[in-house]
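Take a look at the structure set out below.
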Amino acid sequence: MLDKKYSAQEKEAKWLNYWNENQIYKFIPDGRKVFSIDTPPPTVSGKIHIGHVFSYSQVEMISRYKRLRGFNIFYPFGFDDNGLPSERLVEKEQGKKAHEIGREAFSELCYKTTEKYENEFKTLFSKLGVGTDWNYAYKTISPSTIKISQRSFLQLVKDGHCYHKQSPALWCNECLTSIAQAELETKKIKTTFNFINFKTLENGETFTIATTRPELLPAIVAVFVNPKDEKHSHLIGKKAVIPLVDAVVPIMADEKVAIDKGTGIVMCCTFGDQTDIEWWKKYNLPLKNIFTSDGKIASEVKNYGGLKILEARKKIVQDLSDQGYVVKIEELEHEVQVHERCGKEAEYAVMKQWFINIMDHKKDFLKIGDQIKWHPAHMKARFNEWVNNVAWDWCISRQRYFGVPFPVWYCKKCGEPVFAREEDLPVNPLTSQPKQKCCSKCGCKEFVPEKDVMDTWATSSTTPLINMRYGEKNSLENILRPMTLRANASEIIRTWDFYTIVKSFYHFGQKPWENVMISGFVMANKGEKISKSKGNSKNDPIDLINEYSADVVRYWAGSGRLGTDMLFSEETLLRGRKLVNKIWNVAKFIEMHIQDFKDKKFSDYEFFDKWALGSLQEMEKGFCKYLDEFEVGLALNHLEKYFWNFCDNYIEIVKHRLYRPEEFGEKARYSGQKAVYTILYKLLQDFSIFFPFITEEIYQELYHDNKSIHLTTIKPLKFDFAKEVEQGDKLVEFISAVRGEKTNHNVSLKTTVKNLCISGDENILDCLQQACKDFKATLFAENVKTRKIKKGGHITKIELDLQ
RNA sequence: GGAGGCUUAGCUCAGCUGGUAGAGUACCUGCCUUACAAGCAGAGGGUCAUAGGUUCGAGCCCUAUAGCCUCCACCA
């Protein structure tokens, strides 16, 4: 028997345990069609917030739906624990920088810390009822992942898509590492626009350049003006004398100079921005590297060496001003590129790094984007936009400690890279040596290890490879290529989705997945994203689960449209709580009435039973349609609407028959029993996608024809009750009108209706006649008189017994 | 500046290939009805952002405008 009150705390713990012990979500390749999900390994960055629950729940619900539709679900969970986010977390907790702790000790701390937080994540996702096979869980820093990531790297090198090159790269002098374009964010800052006078070498003509970065004066390698700029074009071909610095540089022409920006004359430094790099390459300009890797001016720069960038800026402006070079200084607010992990302005550094070729294959990436179904469809635009605008090859070198090592050494003599052999993976070049001699002619046996580690994304872009155990003996490549579904939030389309597509293209020349589903964000307040760094989430998910139950929290997470941002809403939780409670109560009611029920072949249903079954059939069609489009929230809404109608109307109608067979007959009671038995079963299945716990509890108590409700399959109903659905809705409208009349008279709904007169067409009167007993019992009506009209139907008289 | 999205009841949001505006919630009014008061029944509440256009007919399609949001670019 179901308990009088449902205790979520107790039951949820019980079923979690049961699912675990019985390995309900275990993935075993069998003959069935596989539905595979590539879900984001959360970055282990400390704080878990409600946004995590939101985006992970929706995919999880899809996995449950597909399982109910008979698919074999491959749905592993992962943790992205390598890389900068973990390092920063440790640095923050330790109050020390990585280099102060030392490479090995620091890595050790990273392992420990990420493990601690991973357990917290795991606890949360388990408590939420996430139906994943933990046997397939992966970590991006585990030896098996390192192996696959290194294998991927070596393959790309072999195929010529990955190269080692001295090149300017984005540099963060807070994190002391190079970074990729995708790791940049923009930030508004206040700065000054400095108008500085230069002179030509030839005739000493004065011209003015406006710059926000006067500290780059020693790094100027050229001055540019637009050839169409009538005011300044005469300068082209002359030479410019740089103030304060004893240097003379050419004045050159380039169309890219905006005539109306600043003074229309630009200084080109190595490097201040991307245009500088472009010009540097295009015109083969010399290199003047004036920054050190930790954000200072190089010591060889006269007067300013050793100063931090901002100090140098201040001093140079002061010196320029003292010597009369400054025309004016304007206040300026503009946006700069900062590193997303630390918020510090990105600089450029020139060093030898590993790059993955992006620029040569943009068209291929776009093509793959076209081959993937995006949900919602407009999210593809974000991908296209990014691919079209990406300006750099992907730099995957990071001058950090906690990451996947490059399986590379360099020959001490000739500097040539030597790569690890496939059979030796995974390797750490810092603690091992190559087994072969230097490949090139020198034959040297001494090697310098590559100290850099790979960018986090270089590894997380291989999640499909990790999932399929790429290149391993037990590879699942034949069933996971491509995977069925990738799910993530919109912010990582440009990183995770993009890079995964890049790798999939290089490895297989193929799309990595059939579908991508993009979720929105949870907003803390209107227009304010919940973010880990801001700590503006008021609601700890564990607290919410304890207060409302996992099922109810899932209700909140499952509402809302795909790809649309959502506000955190207590109201939605309350609504979910009511719904879950209602499911419990109606199940109790049905349980009470099916004690003596025996399932047998039966098709001679009462009218309203046909109505309820037919409506369910219709509802389920729409329900599945939404879920096939990954619209979890709309499906839930649709189901919920049917469910309340079922409770408030159908149960109210059928209960009289169930209670009083002596009055209605055993057959009519059986018809009702069979209907509620069938409908509840299906409702539990449908709801189990969202509420895995309470539905399991009811299912096990009432049905129990399988090990778990989550292993059952949804079988579509095949009734032909369209007429009953249509006319039944009208009869319910009559019922509603009579109830309204009673309420208007402030009397109980049990008040007797002495006379009820209805005019209606042939169809509706026919149905009314079939349903007459139920209809009268529901309304407590003594007499129902009908009159035939040509079309439609309405009540003409309601006479209540108001005594 | 580029791309995309949003604007519908006090609030949170649905609204399918154009056909008389929907839900939940809040507020108000009734009702202890043999599953449920965490319930049931009902009432009020909307120039569908604005202005044009297409159409017999527009919340929906087209154009422009405004406000908000997200991503990207903009460092001279």
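Naming convention: chains lettered A, B, ... in sequence-line order (proteins, then strands); numbering from 1 in each chain. If you're wondering where the values come from, they're calculated on a predicted model, not measured in any experiment.
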Roughly, in whole Å, what's the span from CG in A:N637 to C1' in B:rG22?
-> 11 Å
Can you tell me the distance, in whole Å, between the CG atom of A:L639 and the C1' atom of B:rA23?
-> 14 Å
Taking the same atom, P, in B:rC40 and in B:rG24, what whole-Å distance lies between them?
-> 10 Å
For atom CG of A:L573 and atom P of B:rC11, their distance in whole Å = 21 Å
B:rC68 and B:rU17: how far apart are their C1' atoms, nearest whole angstrom?
-> 30 Å
From the candidates B:rU70, B:rA73, B:rC75, the one with an atom nearest any side-chain atom of A:W386 is B:rA73
Residue pairs fulfilling side chain to side chain donor-acceptor pair (under 3.5 Å) with at least one residue in residues 215-225 of chain A, sequence neighbours excluded | A:R213-A:E215, A:E215-A:R313
Quantified in whole Å, what is the C1' atom distance between nucleotide B:rG15 and nucleotide B:rG53?
-> 24 Å
Look at the rings of A:Y699 and A:Y703 and say which category their plane angle falls in: under 30° parallel, 30 to 60° tilted, over 60° perpendicular.
-> parallel
Rounded to the nearest angstrom, tell me the gap between atom NZ in A:K641 and atom C1' in B:rG24.
-> 12 Å
Determine the interatomic distance between P on B:rG18 and the same-named atom on B:rC62; round to the nearest Å.
-> 11 Å
Once you round it to whole Å, what is the distance between C1' of B:rC71 and CG of A:D497?
-> 13 Å
Side chain of A:N746 - closest among B:rU29, B:rU34, B:rC69 | B:rU29
Quantified in whole Å, what is the C1' atom distance between nucleotide B:rA64 and nucleotide B:rA26?
-> 38 Å
Step through it carefully: locate the ring centre of A:F207, locate the ring centre of A:H232, and say whether they are under 6.0 Å apart.
-> no
Shorter than 3.5 Å, N or O on both sides, protein versus nucleotides 8-10 of chain B: list them out with atom names.
none

Can you tell me, in whole Å, how much space there is between the C1' of B:rA21 and that of B:rC16?
-> 16 Å
Between B:rC69, B:rA38, B:rU33, which one does the side chain of A:K750 approach most closely?
-> B:rU33
In terms of the angle between their ring planes, are A:F597 and A:Y677 parallel, tilted or perpendicular, with boundaries placed at 30° and 60°?
-> tilted
Mind listing the closest non-hydrogen atom pair of A:W584 and A:K4 along with its distance?
-> NE1-O, 3.5 Å
Tell me what A:V257 touches on the nucleic acid: a base, only sugar-phosphate, or nothing, going by heavy atoms under 4.0 Å.
-> base
Compute the ring centroids of A:H375 and A:F630, then answer whether they are less than 6.0 Å apart.
-> yes
Would you say a side-chain N or O of A:Q337 is under 4.0 Å from OP1 or OP2 of B:rC75?
-> no
Separation of B:rC74 P from A:I277 CD1 (nearest whole Å) | 11 Å
Between B:rG42 and B:rG22, how far is it from one P atom to the other, in whole Å?
-> 15 Å
Looking at A:F693, is A:K11 sitting on its ring face, NZ or CZ under 6.0 Å from the six-membered ring centre and within 45 degrees of the normal?
-> no
Assign each of A:F193 and A:A587 the nucleotide of RNA chain B bearing its closest heavy atom; nearer the 5' end lies the nucleotide of A:A587
Have a look at A:I265 and say if it touches a base, only the backbone sugar-phosphate, or nothing, with a 4.0 Å heavy-atom cut-off.
-> sugar-phosphate
Within the structure shown, what part of the strands sits under 4.0 Å from A:S748 by heavy-atom distance: base, sugar-phosphate, or nothing?
-> sugar-phosphate
Show your working on side-chain hydrogen bond (donor to acceptor under 3.5 Å, both in side chains) between A:D276 and A:Y348 and close with a plain yes or no.
-> CA-CA 10 Å; A:D276 288 344; A:Y348 297 86; over 6 Å; no
With the sugar-phosphate defined as primed atoms, P, OP1 and OP2, and the base as all remaining atoms, what B/S/- string results for nucleotides 39-46 of chain B, 5' to 3', for protein heavy atoms under 4.0 Å?
-> SSBS----
Taking 4.0 angstrom as the limit, do A:K256 and A:E278 come out as a salt bridge?
-> yes
Test side-chain hydrogen bond (donor to acceptor under 3.5 Å, both in side chains) applied to A:D254 and A:N226, step by step = CA-CA 5 Å; A:D254 194 279; A:N226 192 311; over 6 Å; no
Cationic N near anionic O, under 4.0 Å, A:E631 to A:K625 = no
Do the rings of A:W457 and A:Y499 sit parallel, tilted or perpendicular, given the 30° and 60° boundaries?
-> tilted
Under 4.0 Å between a Lys/Arg side-chain N and an Asp/Glu carboxylate O for A:D596 and A:R669?
-> yes
Is the closest basic N to carboxylate O distance between A:K655 and A:E652 below 4.0 Å?
-> yes
Specify the separation, in whole Å, of atom CG of A:L310 and atom C1' of B:rC75.
-> 14 Å
Between A:I209 and A:V266, what is the shortest heavy-atom contact and its length?
-> CD1-C, 4.3 Å
Whole-Å C1' distance, B:rU20 and B:rC48 | 14 Å
Fit a plane to each ring of A:W386 and A:F498, take the angle between them on a 0 to 90° scale, and name the class: parallel (under 30°), tilted (30 to 60°) or perpendicular (over 60°).
-> perpendicular
Please find out if less than 6.0 Å separates the ring center of A:W171 from that of A:F291.
-> no
Pick one: which of A:I590, A:V586, A:N585 meets side-chain contact (heavy atoms from CB on, under 4.5 Å) with A:K588?
-> A:N585
Find which nucleotide of RNA chain B each of A:K4 and A:N194 is nearest to by heavy atoms, and output the residue with the more 5' nucleotide.
-> A:K4
Is it true that A:D551 and A:R577 have a side-chain N and a carboxylate O under 4.0 angstrom from each other?
-> no
What nitrogen or oxygen pairs link the protein and nucleotides 1-5 of chain B at under 3.5 Å?
residue: B:rG2; atom: N2; partner: A:E385; partner atom: OE2; Å: 3.1
residue: B:rG2; atom: N3; partner: A:E385; partner atom: OE2; Å: 3.3
residue: B:rA3; atom: O4'; partner: A:E385; partner atom: OE1; Å: 3.3
residue: B:rG4; atom: O2'; partner: A:H378; partner atom: ND1; Å: 3.2

Taking only nitrogen or oxygen atoms into account, show me every contact under 3.5 Å that the protein makes with nucleotides 15-19 of chain B, one pair per line with its distance.
residue: B:rG15; atom: OP1; partner: A:R561; partner atom: NH1; Å: 2.8
residue: B:rG15; atom: OP2; partner: A:R561; partner atom: NH1; Å: 3.3

Have a look at A:D273 and say if it touches a base, only the backbone sugar-phosphate, or nothing, with a 4.0 Å heavy-atom cut-off.
-> base
Between atom CZ in A:R657 and atom P in B:rU34, what is the gap in whole Å?
-> 19 Å
Based on Watson-Crick and G-U pairs with both distances under 3.5 Å, what dot-bracket line describes RNA chain B 5' to 3', crossing pairs as [ ] and inter-strand pairs as |?
-> (((((((..((((.....[..))))..((((.......))))......(((((..]....))))))))))))....
